[in-house]
Amino acid sequence: MTTTMTTMTTTMTARATTTTRARTTTTTTTTTTRAAIGRRRAREPNARRRGDACVRYNTPAGVGRKADDPLGVFRLEYDISMDEAHRPKTWKPTVTVAVSGAAGQISNHLLFKIASGSVFGHDQPVVLRLLGSERSRQALEGVAMELEDCLFPLLREVDIGIDCRKVFAGADWALLIGAKPRGPGMERGDLLEMNGAIFVDQGKALNEVAKPTCKVIVVGNPCNTNALIALSHAPNLDPRNFHALTKLDENRAKCQLALKAGVFYETVSNVVIWGNHSTTQVPDFVNAKIDGKKATEVITDQDWLENDFTPAIQTRGGLLIKKWGRSSAASTAVSIADHIRNLVNPTPEGDWFSTAVLSNGNPYGIQDGIVYSFPCRSKGDGSYEIVPGLEVNDWLRERMKKSEEELTSEKGCVGHLVGEAHVDVPDAGCPVDLEDTLLPGEM
Ligand code: NDP
């Protein structure tokens, strides 16, 4: 604890030192790491590239900014290698977690959960590497300050930056949350194109600098196809390690089944979301269980299951925005935490969880080459397998197909971003017929 507090205090002091040093190029007492970073910053003060979706500079390099502005990765000013000797022997080796959109609403809830130990475990020290943009740089510093002020023992280092090639360096986990929301009058195809460009660059950056074993969870929408784009540009990483988040949809489905059955939601299990994180998603009540019994035996109102429950889950995000005027940041953060816990803990015998993963070789006849949400289980080592043998009746099959077709269309729309059919960037929007369906949070 003493070590931690010293560390945090050092950090706060160091942040001011970093800024001062970068502006005045004064050398203070530094560790080797610090000196190297300082030199790198001095050599490439404007290392970002115009048009780089990851860095997202809208103004020409240098405009309105001094050449020695402290952009780039900010590191804590202590030598992390010294850390090992002072921490509890029961702790695991540190994991590095990179987060994009780190100054956004979801991250504002999630980062504190991760730093507290409630996500990766109370014996798992973490390094947080936070990606923002020039626009959010001040906010990101504020986030880092708040993290410091919490004195979380397991949070051993916080780096903030605006260049994904620096922020993703050495990442064990990459949580890709940052994405542009759909604006008024914007077609789904426009959103795919715009956010797709971000995920091309972030995929390339992960390929270049993340650990080959890095697990990537894409949250920024349209998350399934964004995940497909990212993995297409990261051949050094295992494509099976790319996920798109559908855990929030699963949690919503569990809650509604519990409310209808009049039981506590902990007794609801075996719920899967099939397909796309969009209004075509299929929350599966056919295989769901309540207190170990088939949900359809506990809730016998089939009309409710098909015509109330199903659309309610598909559109719940939109309803929440309508009621509250903002999106579901807190419950999304909880579901990202759940998703990670699902991968780093063994799945209870006989149960499964939802995650959208590469469909190649799946046992349900969904075509290869898309990121589709399946029932999965994990041994707790960060990997997963798709659970075979769930009942797929005609009702489910028809809807699963519709979601598959939507994902195929989305893929066609961004073919030029996933190295397929449409190699040239289309001049006039999406080159395939893409139905303008909504994301769950959109109205
Ligand atoms: P916020 O608007 O609070 O934050 C979004 C972050 O994205 C901002 O911090 C911003 O970072 C970044 N961003 C904005 N524009 C761009 C851009 N052009 N390129 C790269 N990054 C950009 O949103 P939330 O945190 O509430 O939501 C983030 C994403 O998560 C959204 O895409 C949302 O649709 C999605 N989502 C997914 C869910 C799921 O279940 N899969 C559920 C709920 C939300 P900066 O300021 O640093 O530029």
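Order of appearance sets the numbers: ligands from 1, and atoms from 1 within every ligand. No hydrogens, no waters, no symmetry mates; every other heavy atom, side chains included, goes into these values.
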Visitor: Less than 4.0 Å is my threshold; does some heavy atom of Ala329 fall inside it relative to ligand 1?
Guide: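 The answer is no: ligand 1 sits nowhere under 4.0 Å from a heavy atom of Ala329.
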Visitor: Check ligand 1 against Gly220 and write out every atom of the ligand that is under 4.0 Å from a heavy-atom position of the residue.
Guide: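 Listed by number with element: 29 (C), 30 (O), 32 (O).
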Visitor: When you check the gap from the basic side-chain N to the acidic O, do Lys204 and Asp201 get nearer than 4.0 Å?
Guide: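 No, Lys204 and Asp201 are not salt-bridged.
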Visitor: According to salt bridge (charged side-chain N to carboxylate O under 4.0 Å, His left out), does anything in residues 100-110 pair up with another residue at least two apart or in another chain? List the pairs.
Guide: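 Matches after skipping sequence neighbours: none remain.
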Visitor: Geometry only, no angles: is Ile106 polar-contacting ligand 1 at N/O separations under 3.5 Å?
Guide: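 N/O-N/O distance under 3.5 Å: yes.
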Visitor: Within a reach of under 6.0 Å around CD of Gln138, are more than 12 heavy atoms found that belong to other residues, nucleotides or ligands?
Guide: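 Open.
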Visitor: Is it true that Lys294 and Glu391 have a side-chain N and a carboxylate O under 4.0 angstrom from each other?
Guide: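 Result for this pair is yes, salt bridge flagged.
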Visitor: Going by the order shown, which atoms of ligand 1 are within less than 4.0 Å of some heavy atom of Gly132?
Guide: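 In order of numbering, the contacting atoms are 47 (O).
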Visitor: Ignoring hydrogens and angles, tell me if any N or O in the side chain of Asn362 forms a donor-acceptor pair with the backbone of Ile386 under 3.5 Å.
Guide: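 No; zero donor-acceptor contacts below 3.5 Å.
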Visitor: Determine, considering heavy atoms only, which of Ile177, Asp249, Asn108 sits nearest to atom 28 (C) of ligand 1.
Guide: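 Selected option, by shortest heavy-atom distance: Ile177.
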Visitor: Is Ser133 touching ligand 1 with its side chain, its backbone, both, or neither, if touching means heavy atoms under 4.0 Å apart?
Guide: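 Both backbone and side chain.
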Visitor: Do Lys254 and Glu250 meet the salt-bridge criterion of a basic N to acidic O distance under 4.0 Å?
Guide: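 Looking at Lys254 together with Glu250, the answer is yes, because their closest N to O distance falls below 4.0 Å.
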Visitor: Ignoring hydrogens, just give me the one of Ala179, Gly178, Gly101 whose non-hydrogen atom is nearest atom 14 (C) of ligand 1.
Guide: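 Residue with the shortest heavy-atom distance to the ligand atom: Ala179.
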Visitor: Does an N or O anywhere in Ser136 fall below 3.5 Å from an N or O of ligand 1?
Guide: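 Yes, there is a polar N/O contact under 3.5 Å.
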Visitor: Checking the N or O distance criterion of under 3.5 Å, is ligand 1 in contact with Ser328?
Guide: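 No; every N/O pair is 3.5 Å or more apart.
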Visitor: How are the rings of His243 and Tyr384 set to each other: parallel, tilted or perpendicular (split at 30° and 60°)?
Guide: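 Ring orientation of His243 relative to Tyr384: perpendicular.
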Visitor: For Ile198, which part has a heavy atom under 4.0 Å from ligand 1: side chain, backbone, both, or neither?
Guide: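 The side chain, only.
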Visitor: So is there a nitrogen or oxygen of Asn221 less than 3.5 Å from a nitrogen or oxygen in ligand 1?
Guide: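 N/O-N/O distance under 3.5 Å: yes.
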Visitor: With Trp173, which residues qualify under ring pair (Phe, Tyr, Trp, His ring centres under 6.0 Å), at least two apart?
Guide: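 Per chain and number, Trp173 pairs via ring pair (Phe, Tyr, Trp, His ring centres under 6.0 Å) with Phe120.
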Visitor: Does Lys401 pair with Glu404 as a salt bridge, N-O distance under 4.0 Å?
Guide: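 The answer is yes: the pair qualifies as a salt bridge.
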Visitor: Going by the atom numbers of ligand 1, which of them fall below 4.0 Å from some non-hydrogen atom of Cys223?
Guide: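 Those atoms are 41 (N).
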Visitor: Classify the contact between His277 and ligand 1 as side chain, backbone, both or neither, using a heavy-atom distance cut-off of under 4.0 Å.
Guide: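 His277 to ligand 1: side-chain contact only, backbone stays beyond 4.0 Å.
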Visitor: Need the ligand 1 atom indices (1-based, order shown) with element for anything under 4.0 Å from a heavy-atom of Thr332.
Guide: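 Taking each heavy atom of Thr332 in turn, ligand 1 has 42 (C), 43 (C) under 4.0 Å.
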Visitor: With heavy-atom distances below 4.0 Å as the criterion, list the atoms of ligand 1 near Ser327.
Guide: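 Result: 26 (O).
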Visitor: Give yes or no for whether the N/O distance cutoff of 3.5 Å, strictly under, is met between Arg135 and ligand 1.
Guide: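 Yes, since at least one N or O of Arg135 sits under 3.5 Å from an N or O of ligand 1.
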Visitor: Answer yes or no: is there an ion pair linking Asp172 with Lys211, defined by an N-O contact shorter than 4.0 Å?
Guide: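 Salt bridge: yes.
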